[in-house]
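Got a structure for you, written out below as C-alpha cells; questions coming shortly.
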2 protein chains.
Amino acid sequence: MTRESFAGIRQLRPSRKLLPEHARGHNRSLVLQTLYRASGKSRADLARDTGLTRVTISDLIAELMLEGLVIELGQREGEARPGKPATLLDLKRDAFQIVGIDLSAFEIFRGALLSVDGEVLHSAEIPLAGSTGADATAKVFALAEELVAAATSPVLGIGVGSPGVVALDGTVLGAPNLGWRHEPLQTALSAHFDLPAVVANDANAAVLAEHSFGGSEGDLMLVKVGHGVGAGLLLGGSLLHGSRFAAGELGHVVVGTHGGPLCVCGKHGCLETWLATPRLDAALAEARSSGTPTEPILTEAGRHLGIALAPVIAALNLPEIVLSGPRELLDGALTDAAVDTLRNRTMAEIHGELSVRMTTLGEDIVVRGAAAMVLSKQLGVS
Amino acid sequence: MTRESFAGIRQLRPSRKLLPEHARGHNRSLVLQTLYRASGKSRADLARDTGLTRVTISDLIAELMLEGLVIELGQREGEARPGKPATLLDLKRDAFQIVGIDLSAFEIFRGALLSVDGEVLHSAEIPLAGSTGADATAKVFALAEELVAAATSPVLGIGVGSPGVVALDGTVLGAPNLGWRHEPLQTALSAHFDLPAVVANDANAAVLAEHSFGGSEGDLMLVKVGHGVGAGLLLGGSLLHGSRFAAGELGHVVVGTHGGPLCVCGKHGCLETWLATPRLDAALAEARSSGTPTEPILTEAGRHLGIALAPVIAALNLPEIVLSGPRELLDGALTDAAVDTLRNRTMAEIHGELSVRMTTLGEDIVVRGAAAMVLSKQLGVS
DNA sequence: TTTGTTAGTACACCTTACGAACAAACCCTA
DNA sequence: TAGGGTTTGTTCGTAAGGTGTACTAACAAA
C-alpha cells in the first residue's frame with residue numbers, strides 16, 4: 001500500500017505567480033458571471049454587485065462589447081426614479097452555441113447543441129453498436145461533426161462527459177466499457193475542430209449541470225445510477241477530482257457485512273450489485289413474474305445506498321444529494337429508504353439539513369453539464 | 001429534511017473582485033513559501049523557482065527585509081562557478097515565535113511556544129478541572145497569557161485547535177464538552193492580546209500539521225481518536241470545512257448493521273462506540289482481567305474503522321490516511337485490521353495506492369497545527 | 001426654474017510587474 | 001595579465017490595471 005505502486009499521473013502543485021492580467025481576467029469573468037445570472041443590469045448595478053468601481057466596469061464592458069459578448073438593451077423603463085436612466089446590459093446570448101456530448105448512456109452516444117443558457121436547441125445521437133477503442137472515438141467525432149454543422153452561431157466549444165477516469169487535461173485514463181486507455185480525447189477534439197474542448201467524467205459533468213442549471217448551491221453530491229454507479233462531488237463550488245482523478249467512483253465499495261451478490265469486479269456486495277439498473281430491472285422483473293411485491297427490492301437498494309453514503313455525508317458535511325437515473329426506479333421507495341437510512345445512521349446535525357432528491361434535468365443532465373464545462377472554461381461562468 | 005431546518009451560519013460566496021494588490025500579496029507569499037521550504041536561495045534562484053523576474057523578486061525581497069522577515073546570509077560559497085556570486089537569503093526564523101494551543105485533550109488544555117519552523121520551544125498546560133463555559137474560556141486566556149509571556153521574540157500570532165464545530169471566523173459554534181455555544185474565541189483572543197489569532201477545529205489543525213510538518217501531500221485525511229472520534233480533511237491542499245463547518249465529524253456515523261453498543265447520542269453502533277479510547281480501554285481492561293486475548297478487540301475496532309472509511313476513501317479518491325491518538329491502541333492490530341478491511345471493501349485502483357499510518361508528530365500534533373494555521377494566515381506559508 | 005439624484009465618462013495618479021541595459025564579480029583562456 | 005564569457009542584482013523607463021476626483025448628461029420633484 002505505498003503510493004508509488006500505481007503509475008498514475010500526479011497532480012501539479014497549482015501555486016503559481018499571479019499577475020495583474022490574471023486579476024483582469026478574474027474581474028472580467030466576475031462581470032460576465034453577474035450578467036449571466038441576471039440580465040438587465042446597468043453598469044452601475046454591476047459596480048454595486050461586484051465591488052469594482054463604475055469606471056472599471058465601464059472599461060470591462062467596453063472590452064466585452066467590442067468582443068461581441070455583451071450588448072446594450074436600451075434604457076431602463078418602468079419605475080420612475082430620479083437621475084439619469086440606466087442603460088441595461090445583457091450577454092449576447094445568441095452570439096454562441098455550445099456542443100455537449102454524453103458518452104455514458106448504454107450502447108448510444110447522445111449529443112446536443114445548446115444555447116449559452118443551457119437550453120437544448122437540437123439533439124442527436126449515434127448508436128454505439130458495440131464499438132470500442134478507435135471505433136468508439138470515431139463515433140464521438142462523427143457526432144460532434146453533426147452537431148457543429150447544425151450550429152447557427154459560432155460554437156463556443158465542445159464539452160464531453162465520458163464514463164471512466166478522466167485526467168484534468170481531458171485524457172480518458174481508462175474507460176473499460178469503451179475500451180479506452182489513455183485516450184487523449186480533449187486534445188484530439190480541439191485539434192480536429194479547431195475549437196476549445198473539455199472532456200470530463202460524466203458524473204462530474206452532471207453535478208456541474210445540477211449546480212449551473214438545477215439551482216443547487218456549491219456543496220453537492222450527484223449520484224448517477226445507470227449501468228454502473230458513480231458520483232460527482234462539488235465542494236465549496238469546485239469539483240473534487242481526487243488524487244488520481246477517481247473521486248466519486250463509488251460503485252465498487254462494499255456495502256454491508258453479509259457478503260451479498262457477486263460483482264463483476266470479483267468482490268461481494270459492491271454498491272453496484274444493489275443499485276445498478278440491470279440488476280434492479282432483473283430483480284424487479286423476477287418479482288413481477290413470480291407475483292412477489294417489488295417494493296422491498298427498491299427499499300433494499302435504497303437502504304444500501306444510504307449505508308454507503310452515510311459516512312461520506314458525515315465526513316463532508318454535505319447538505320444536498322441529487323440522484324440521476326431512471327426515475328421509475330429511483331424516485332419513490334428507493335429514495336425514501338435512502339433518506340430513512342441516512343437519518344438513522346448520522347447525527348441530527350448532519351441529516352437535519354440534508355436534502356435528498358431526484359434531479360430535475362432528466363436525461364439531458366450530462367450534455368447540459370458538458371455545456372456548463374465549456375461555459376466555465378471559456379467565459380469563467382458557472 | 002429541508003436546508004432551512006438548521007439555523008446555522010451560511011458560508012459566503014467567495015467570488016469577489018481581485019485587485020493588483022491581492023496579486024502582490026499572493027506573490028509575496030509565494031516568495032516566503034519558497035524560502036520557507038528551502039533556505040539559502042538567492043534572488044535569482046527565487047526568480048527561477050517562482051517564474052517572476054529578478055527585478056520583481058528584488059523588489060519583494062527589499063520589502064520583506066524592511067519588515068525584518070528576510071535576511072541576507074552572505075555570499076554563496078563552495079562550488080566555484082562563473083558569474084557574480086549569489087547573495088543567499090533566508091527567512092529570519094527567529095524573528096517571530098508562535099503560540100499554539102490544544103483544547104482537545106481530556107481534562108487538560110495544552111499549549112506551546114513554537115518556532116517558525118514548527119519546533120516546540122516551550123510547553124505549558126493547565127488542568128481543566130471540570131471547567132466549562134466562561135471558566136473554560138478564562139483558562140484558555142490564562143494559558144495563552146503564560147505562553148505569550150514566555151516568548152523571547154515577537155509573537156506572530158495565537159493558534160487554537162478546539163474540539164467541536166468552529167466557523168471560519170474562529171467562533172466555536174458548539175463544543176459540548178467545554179459547554180461552549182457560539183463562543184467568539186478568535187475575536188476575543190485577538191482583541192485581548194492585540195495579536196492575530198486563529199481558532200479552528202482540532203482535527204483540522206492536526207491535518208494541517210501533518211501536511212506542513214509531517215511531509216504529507218495535499219490530499220489527506222487525519223483521523224483523530226481520543227475521547228471522541230473526528231477527522232480533518234485536506235483536499236487539493238486546502239481544508240474542507242463543509243456546508244455547516246462540521247466536516248470530519250465521523251464519530252456518530254453508524255457502522256455495521258448488527259445494532260452494536262449504545263452510544264451517548266442515543267443511536268447504536270456509532271463509530272465512537274467501537275473506537276473512542278474510553279471504550280477501548282475499558283474493553284481491553286476487562287479482557288485482561290478475565291484472561292481473554294486483547295487483540296480481537298483491537299481488530300474489531302480497526303475493522304469498524306475500515307468499514308466507515310471505505311466509502312469516504314472511494315468517494316474522495318484519497319491516497320493517505322493518518323491516524324492520531326494513543327499509539328499503544330492504534331498502531332498495530334487496529335491499523336492492520338483497518339487496512340485489511342479497506343482492501344476488501346474498495347477497488348484495487350483505490351486501495352492500491354492508499355497509505356494508512358500513524359502520525360509521526362505525536363501529542364504535539366494539534367499545537368503544531370495551530371502554529372501552522374498562524375503561519376498560513378500571517379505569512380501565507382504552509 | 002431650481003435642487004437633488006443617478007449614470008456614465010475623462011483624467012490624473014498609484015501600484016505592480018516587466019524588459020532592457022548595465023555594473024559588479026566571478027570563471028576561464030590565451 | 002588582459003580579455004571574453006557568465007551570472008547576479010540593480011536602475012530606468014514602460015505597460016497594464018484599478019482607483020479617486022471631477023465632470024457631463026439626464027431625469028424627478030418642488
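Just so it is clear, the values below take in all heavy atoms, side chains as well, and ignore hydrogens, waters and symmetry mates. First the proteins, then the strands, lettered A, B, ... as listed; each starts at 1.
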**Asked** Pick the nucleotide of DNA chain D nearest each of Leu18(B) and Arg43(B); which residue has the one closer to the 5' end?
**Response** Arg43(B)

**Asked** Got a salt bridge between Lys92(B) and Glu72(B), using NZ or NE/NH1/NH2 to carboxylate O under 4.0 Å?
**Response** no

**Interface with DNA chain C, restricted to residues 59-75 of chain B and to heavy atoms under 4.0 Å** = Gln75(B)

**Asked** Should Lys17(B) be listed as having a side-chain N or O under 4.0 Å from OP1 or OP2 of dT19(D)?
**Response** yes

**Request:** To the nearest Å, give me how far apart NE2 (His22(B)) and C1' (dA17(C)) are.
**Result:** 17 Å

**Prompt:** Does one side chain, of Thr152(A) or Gln97(A), offer a donor that lies under 3.5 Å from an acceptor on the other?
**Reply:** yes

**Prompt:** Okay, side chain of His211(A), backbone of Glu217(A): is any donor-acceptor separation there less than 3.5 Å?
**Reply:** yes

**Message:** Counting only side-chain nitrogens and oxygens, does Thr87(B) get under 4.0 Å of the OP1 or OP2 atom of dT8(D)?
**Reply:** no

**Complete:** Those residues at least two apart in sequence (or on a different chain) that pass side chain to side chain contact (heavy atoms under 4.5 Å, CB included) with Ala206(B) are Leu222(B), Lys224(B), Ile365(B), Val366(B)

**Request:** Ignoring hydrogens and angles, state whether a donor on the side chain of Ser42(B) or Asp45(B) is under 3.5 Å from an acceptor on the partner side chain.
**Result:** yes

**Message:** Between Ser376(B) (side chain only) and Ala372(B) (backbone N and O only), is there a donor and an acceptor less than 3.5 Å apart?
**Reply:** no

**Prompt:** Roughly how many Å is it from CG in Leu19(B) to C1' in dA17(C), rounded to a whole number?
**Reply:** 15 Å

**Request:** Mark yes or no for whether Asp219(B), through its side chain, and Leu235(B), through its backbone, hold a donor-acceptor pair below 3.5 Å.
**Result:** no

**Asked** Is any side-chain nitrogen or oxygen of Asn27(B) closer than 4.0 Å to OP1 or OP2 of dA17(C)?
**Response** yes

**Message:** For Thr56(B) and Thr53(B), which I'm curious about, is there any donor-acceptor pair between the side chains at under 3.5 Å?
**Reply:** yes

**Asked** Listed in order of residue number, which residues of residues 50-57 of chain B have a non-hydrogen atom at under 4.0 Å from DNA chain D?
**Response** Arg54(B), Val55(B)

**Asked** How long is the span from the CE atom in Met373(A) to the CD1 atom in Ile98(A), to the nearest 0.5 Å?
**Response** 10.5 Å

**Message:** Once you apply a heavy-atom cut-off of 4.0 Å, does Arg48(A) come out as touching a base, just sugar-phosphate, or nothing?
**Reply:** sugar-phosphate

**Request:** Examine dA15(D): is either OP1 or OP2 under 4.0 Å from a nitrogen or oxygen in the side chain of Arg24(A)? Give yes or no.
**Result:** no

**Prompt:** Are Ser58(A) and dT9(C) close enough that a side-chain N or O sits under 4.0 Å from OP1 or OP2?
**Reply:** yes

